[in-house]
Engineer: 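Sending over a structure as structure tokens; questions will come in a sec.
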Amino acid sequence: MADVAAPTVSVPSEVPPGAPSERPDFQVVPLKGLPIVGVILILLVAAIAAGKLWPLIFLHVAFGAAWTIVDLFMGFVIGPILGRMSVPARIELTTKLMPKMVLIMPTVVSVTLAAGWQLGVEMGTVDSSYYHHGLLVASYIVVGVMAVIALGLLEPANIAVLTELKKPSPNPAVIEKLMKRFIYTSGIIGAMQIATLVIMTRIAAG
Amino acid sequence: MAEERTLPPVTQVGMVSLALIVAGGIYLASHLPSEVPLAPAIILLALSALLLAGNLLALSRVEGFHWGRFFAVAKWALLAYVVIAGLIEYAFVRNDVTGGTLVVLTLSLVIFAVHVPLMIGFTVARYD
């Protein structure tokens with residue numbers, strides 16, 4: 001099985017002549033955000049090392065809520081809007097929003113999962129004897145599927161769109177194809193976040 | 001007429017490889033704290049490693065692939081995913097995971113930290 005790369009020549013599109021030169025300058029990875037990510041990861045390591053419940057609960061709940069809300073918002077609000085925007089408007093939104101997502105999502109996901117796992121270890125809820133063990137395993141599966149989709153499809157598409165947009169003459173067909181991939185995978189992950197909400201609230205209810 | 005070139009299914013294979021190590025991790029995590037046979041997790045890990053090797057081999061044989069662009073992106077992605085993998089490894093060691101389980105999980109993290117940057121670099125470079 002082999003797939004075929006998109007055409008390497010430009011195709012007719014809605015992009016007006018000269019539009020590439022009007023693209024705002026941007027960084028694929030916003031360097032200003034890296035120190036913030038570093039501080040958050042240090043706080044995570046400190047919370048795991050301390051093994052205290054409150055910091056772990058705070059990190060797991062705060063970042064888990066952010067993860068769920070961002071995925072739902074991207075999948076069901078921003079994604080469909082993005083799909084209906086004109087190409088120039090979509091490019092402008094993409095160059096402003098997506099670089100931030102490159103930093104936000106891996107950080108939010110890493111903190112949520114690491115703090116959640118450590119919390120489970122401290123509270124004993126990851127033990128197979130825990131009475132909601134079936135729900136916990138279901139959450140592992142949901143998170144696992146979301147991780148594979150996000151790591152294999154969504155994040156590469158995000159980086160590739162931004163890299164394409166940094167070129168002097170971006171190929172509209174490539175951007176269109178990658179944005180479709182981004183929008184569809186965001187929708188799938190958003191739908192799976194509903195399953196996460198159901199499982200986590202059921203566990204919290206006891 | 002647009003020029004097209006055939007590329008190996010790096011993304012699809014990479015996703016299957018990731019799914020295999022995720023399945024192995026879920027198998028081990030779902031039996032805690034009991035000792036479980038490592039054989040299923042080792043088989044999943046070995047299959048995942050084979051797919052990674054196959055992906056690397058298939059990609060190395062692509063003629064005219066834009067390796068400059070690939071490495072420009074993949075090296076930074078590798079750095080980011082090594083940090084994330086290191087964080088997860090720290091959590092394992094902190095929780096006294098030892099022996100064969102630690103080896104399987106560590107090797108799974110190595111595959112994770114190599115395969116994700118490979119997929120990111122491939123997705124970017126394929127359009128050059």
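Letters A, B, ... are given to chains in the order of the sequence lines, protein chains preceding strands, and every chain is numbered from 1.
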Engineer: Look at the side chain of A/His133 and the backbone N and O of B/Ser30, then say whether any donor-acceptor pair between them is shorter than 3.5 Å.
Structural biologist: yes
Engineer: Among residues two or more places apart or on two chains, list those pairs meeting salt bridge (charged side-chain N to carboxylate O under 4.0 Å, His left out) that have a residue in residues 46-60 of chain B.
Structural biologist: none
Engineer: Atom CZ in B/Arg94, atom CD in A/Gln118: separation rounded to 0.5 Å?
Structural biologist: 5.0 Å
Engineer: For residues 42-52 of chain A, run the donor-acceptor check on the side chains, cut-off 3.5 Å, and write out each pair with its distance to 0.1 Å, sequence neighbours left out.
Structural biologist:
none

Engineer: Considering non-hydrogen atoms only, spot the tightest contact between B/Tyr127 and A/Lys167 and give its length.
Structural biologist: O-NZ, 3.5 Å
Engineer: Nearest 0.5 Å, what's the OG1-CZ distance between B/Thr123 and A/Arg181?
Structural biologist: 5.0 Å
Engineer: Among all residues two or more places apart in sequence or in another chain, which pass the ring-ring contact (aromatic ring centres under 6.0 Å, His included) test with A/Phe63?
Structural biologist: none
Engineer: Say you draw a straight line from OH of A/Tyr140 to OH of B/Tyr27; how long is it, rounded to the nearest 0.5 Å?
Structural biologist: 15.0 Å
Engineer: Is it the backbone or the side chain of A/Leu178 that comes under 4.5 Å from a heavy atom of chain B, or both, or neither?
Structural biologist: side chain
Engineer: If you look at every heavy atom in A/Pro156 and B/Met119, which pair is closest and at what distance?
Structural biologist: CB-O, 4.0 Å
Engineer: Among A/Ile159, A/Asp127, A/Val37, A/Ile149, which residue has the highest count of heavy-atom pairs closer than 4.5 Å to chain B?
Structural biologist: A/Asp127
Engineer: Highest number of heavy-atom pairs under 4.5 Å with chain A: which of B/Gly14, B/Ala91, B/Ala29?
Structural biologist: B/Ala29
Engineer: Heavy atoms only: give me the nearest A/Ser128-B/His31 pair and the separation to one decimal.
Structural biologist: OG-O, 3.9 Å
Engineer: How many angstroms lie between atom CD1 of B/Ile120 and atom OG1 of A/Thr163, to the nearest 0.5 angstrom?
Structural biologist: 10.0 Å
Engineer: Select, from A/Leu151, A/Ile141, A/Val161, the one with the greatest count of heavy-atom pairs under 4.5 Å involving chain B.
Structural biologist: A/Leu151
Engineer: Given that the side chain runs from C-beta out, which part of B/Val124 has a heavy atom under 4.5 Å from chain A: side chain, backbone, both or neither?
Structural biologist: both
Engineer: Tell me, for B/Val73 versus chain A, whether the close heavy atoms (under 4.5 Å) come from the side chain, the backbone, both or neither.
Structural biologist: side chain
Engineer: Under 4.5 Å, heavy atom to heavy atom: which of residues 80-89 of chain B reach chain A? Give them by number, or say none.
Structural biologist: B/Tyr81, B/Val83, B/Ile84, B/Leu87
